[in-house]
Amino acid sequence: MKTTISRKDLGLLMMQLAVWGAVILIPTLVTLITTRNTSSSFTFLGMLWFNLQSPFLLYFINFYIFWPLLLAKRRYVLFFIANLAAFLALNTGLLYFRHYGASSDVHLPANAWLGMFSGLFIYFLLNLASISAAIVLRHFLRTRQIKQQLEEERHKNTEAELAWLKNQINPHFLFNTLNNISSLTQIDADLAQDAIAQLSDLLRYTMYETNKPKVSIGGEVEFMRNYIELMKLRCNKMTTVTSRFTVVNEQTQVAPLLFISLIENAFKHGVNSSEPATIDILLEQHDDQLTFVCDNTNNPKPAKDHSGSGIGLENTRRRFNLIYPGHYNWEQSITPDNIYHVKITINL
């Protein structure tokens with residue numbers, strides 16, 4: 001299996017070498033500045049490297065070999081044995097020198113032996129700390145990589161879900177509008193032709209303008225105006241439809257087709273051929289806040305009528321959760337005078 005080394009991997013290696021270089025060189029520079037003796041500073045550097053070469057090598061062996069091959073695969077026993085073997089292999093000569101460097105005929109004081117064993121213990125802890133540092137850094141980098149991958153996957157899933165929801169809105173809107181025009185052809189053919197022309201403009205907008213994550217609020221307002229005019233064709237004289245749009249900056253960017261399902265719902269459930277009905281639609285923009293209000297007479301469909309099953313509203317609510325999470329407020333209620341009220345406030 002071919003392994004490729006990226007620029008990021010080389011950068012990580014250089015960063016680690018720089019840290020180790022600082023650990024070795026900074027004490028040496030401090031010694032040089034303090035003593036102003038080059039010879040003693042180089043002697044100190046040699047002693048420092050003599051004591052740090054094992055932690056240095058163990059660090060990189062664990063970071064690049066033992067962690068990915070053993071610890072990441074939960075081979076804990078092998079990981080322990082491999083580190084013990086590496087430690088002994090790197091320090092056999094040093095341990096022999098420190099334990100048996102003194103000739104057998106030399107009797108050291110008890111406190112000297114205590115100091116030697118204390119030094120060995122500290123040296124062992126230094127190697128252990130080096131191994132631990134490699135493991136901690138590897139674990140941190142791996143955790144961050146997993147989080148980034150999960151975030152990228154979540155972003156891809158969100159984009160896919162938004163595309164699916166938008167595709168659900170467009171056919172739903174088209175199906176209901178074609179039903180309206182079909183009914184209109186039996187009443188006024190000329191008016192039906194005008195409606196088809198309006199529908200053509202609406203479809204052109206949905207096909208060529210709404211394929212972007214954000215569109216101008218001015219284009220959305222024009223689309224809603226045309227849509228409302230088209231939907232008013234199905235209403236009789238007993239239905240009063242009013243709409244008000246107050247937009248300060250028409251270039252403000254918003255997600256496309258956010259409110260169409262709500263307007264569609266108002267006409268679908270608010271219009272009754274035998275009773276008076278009202279539909280009042282308001283859209284206001286103030287600074288970075290957008291407010292949409294829709295009030296309509298509450299004329300719920302019979303239980304057997306599934307044409308208004310609420311798919312459009314469910315998709316709209318889901319789109320708000322995905323596009324403006326934590327930045328919108330949704331109010332929905334039925335007033336005492338039987339008005340279905342929806343108010344949505346978005347912080348853009």
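Remember, it's a predicted structure, so these values are computed and weren't measured experimentally. Sequence positions, counted from 1, serve as the residue numbers for this chain.
- Minimum interatomic distance between Phe87 and Ser54 (heavy atoms only, all atoms of both residues): CD1-OG, 4.4 Å.
- Shown here for Glu220 and Leu258, the closest heavy-atom pair between the two residues is OE1-N, 4.0 Å.
- In the hydrophobic clustering of ILVMFWY residues, with side-chain heavy atoms under 4.5 Å counting as a link, Leu48 and Val30 come out apart.
- Under the 4.5 Å side-chain heavy-atom criterion for Ile, Leu, Val, Met, Phe, Trp and Tyr, Ile135 and Phe56 are members of the same hydrophobic cluster.
- Counting only distance, with no hydrogens or angles, the side chain of Asn249 and the backbone of Gln251 share a donor-acceptor pair below 3.5 Å.
- Screening Thr291, Thr246, Leu290 for a side-chain contact (heavy atoms from CB on, under 4.5 Å) with Leu283, the sole residue that qualifies is Leu290.
- We find the CG-CG distance between Asn347 and Asp288 to be 8.5 Å, quoted to the nearest 0.5 Å.
- The salt bridge (Lys or Arg N to Asp or Glu O under 4.0 Å) contacts involving residues 130-149 comprise nothing, where partners must be two or more places apart or lie in separate chains.
- Taking CD1 of Ile279 as the start and OG1 of Thr297 as the end, the distance is 7.5 Å to the nearest 0.5 Å.
- Here the closest non-hydrogen pair linking His341 and Thr335 is CB-CG2, 4.4 Å.
- With no hydrogens or angles considered, a side-chain donor-acceptor pair links Asn91 and Tyr123 at under 3.5 Å.
- Of the possible donor and acceptor atoms, one in the side chain of Asn338 sits under 3.5 Å from a partner among the backbone N and O of Asn298.
- Hydrophobic clustering places Phe140 together with Phe60 (ILVMFWY residues linked when any side-chain heavy atoms are closer than 4.5 Å, directly or through intermediates).
- Side chains of Asp280 and Arg244 form a contact here, defined as non-hydrogen atoms less than 4.5 Å apart.
- Within a 6.0 Å radius of CG in Asp337, more than 12 heavy atoms belonging to other residues, nucleotides or ligands are found.
- With values rounded to the nearest 0.5 angstrom, Thr278 atom OG1 is found 4.0 Å from Ile339 atom CD1.
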Quick one: side chains of residues 15-29, donor-acceptor pairs under 3.5 Å with protein atoms, not counting sequence neighbours, listed by atom name and distance.
| from | atom 1 | to | atom 2 | distance (Å) |
| --- | --- | --- | --- | --- |
| Gln16 | OE1 | Tyr59 | OH | 2.6 |
| Gln16 | NE2 | Leu12 | O | 3.3 |
| Gln16 | NE2 | Tyr64 | OH | 3.0 |
| Thr28 | OG1 | Ile24 | O | 3.0 |

Is there a side chain to side chain contact (heavy atoms under 4.5 Å, CB included) between Met224 and Ile260? Walk through the geometry before answering.
CA-CA 7 Å; Met224 285 188 283; Ile260 289 302; 3.9 Å; yes
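- Phe223 is listed as a side-chain neighbour of Leu257, based on a closest heavy-atom distance under 4.5 Å.
- The minimum heavy-atom distance linking Pro256 with Pro213 is given by the pair CD-O, 3.3 Å.
- With contacts defined as side-chain heavy-atom distances shorter than 4.5 Å, the pair Phe292/Ile346 does not qualify.
- For the atom pair NZ (Lys232) and OG1 (Thr240), the distance works out to 10.0 Å, reported to the nearest 0.5 Å.
- If you take OG1 on Thr252 and CD on Gln285, they are separated by 4.0 Å, rounding to the nearest 0.5 Å.
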Indicate every side-chain donor-acceptor pair of residues 75-85 with a distance under 3.5 Å to a residue at least two apart or in another chain.
| from | atom 1 | to | atom 2 | distance (Å) |
| --- | --- | --- | --- | --- |
| Asn83 | OD1 | Asn62 | ND2 | 2.7 |
| Asn83 | ND2 | Asn62 | OD1 | 3.0 |
| Asn83 | ND2 | Phe79 | O | 3.2 |

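- No chain of hydrophobic side-chain contacts below 4.5 Å, direct or via other Ile, Leu, Val, Met, Phe, Trp or Tyr residues, connects Met238 to Val271.
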Derivation of the side chain to side chain contact (heavy atoms under 4.5 Å, CB included) call for Leu71 and Phe66
CA-CA 7 Å; Leu71 192 59; Phe66 290 168; over 6 Å; no
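- To the nearest 0.5 Å, atom CE of residue Met14 and atom CG of residue Asp9 are 13.5 Å apart.
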One pair to check against side chain to side chain contact (heavy atoms under 4.5 Å, CB included): Val254 and Tyr324. What are the steps and the verdict?
CA-CA 10 Å; Val254 296; Tyr324 298 106; 4.0 Å; yes
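- Side-chain atoms of Leu32 and Phe44, non-hydrogen and from C-beta on, never get closer than 4.5 Å to each other.
- In this structure a side-chain-to-backbone donor-acceptor pair under 3.5 Å is missing from Glu250 to Val248.
- Using a 3.5 Å distance cut-off with no hydrogens or angles, the side chains of Gln332 and Tyr340 do pair a donor with an acceptor.
- Across all non-hydrogen atoms, the minimal contact from Asn127 to Pro55 is OD1-N, 3.4 Å.
- Leu88 is connected to Leu52 through a chain of hydrophobic side-chain contacts under 4.5 Å among Ile, Leu, Val, Met, Phe, Trp and Tyr, so both are in one cluster.
- Between the side chain of Ser200 and the main chain of Ile196, no donor-acceptor pair closer than 3.5 Å is present.
- Ile344 pairs with exactly one of Asn329, Val293, Leu262 by the side-chain contact (heavy atoms from CB on, under 4.5 Å) rule, that one being Leu262.
- Nearest heavy-atom pair across Tyr328 and Trp330 is CE1-CB, 3.8 Å.
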Check step by step if side chain to side chain contact (heavy atoms under 4.5 Å, CB included) holds for Leu141 and Phe63.
CA-CA 11 Å; Leu141 293 175; Phe63 190 89; 3.9 Å; yes
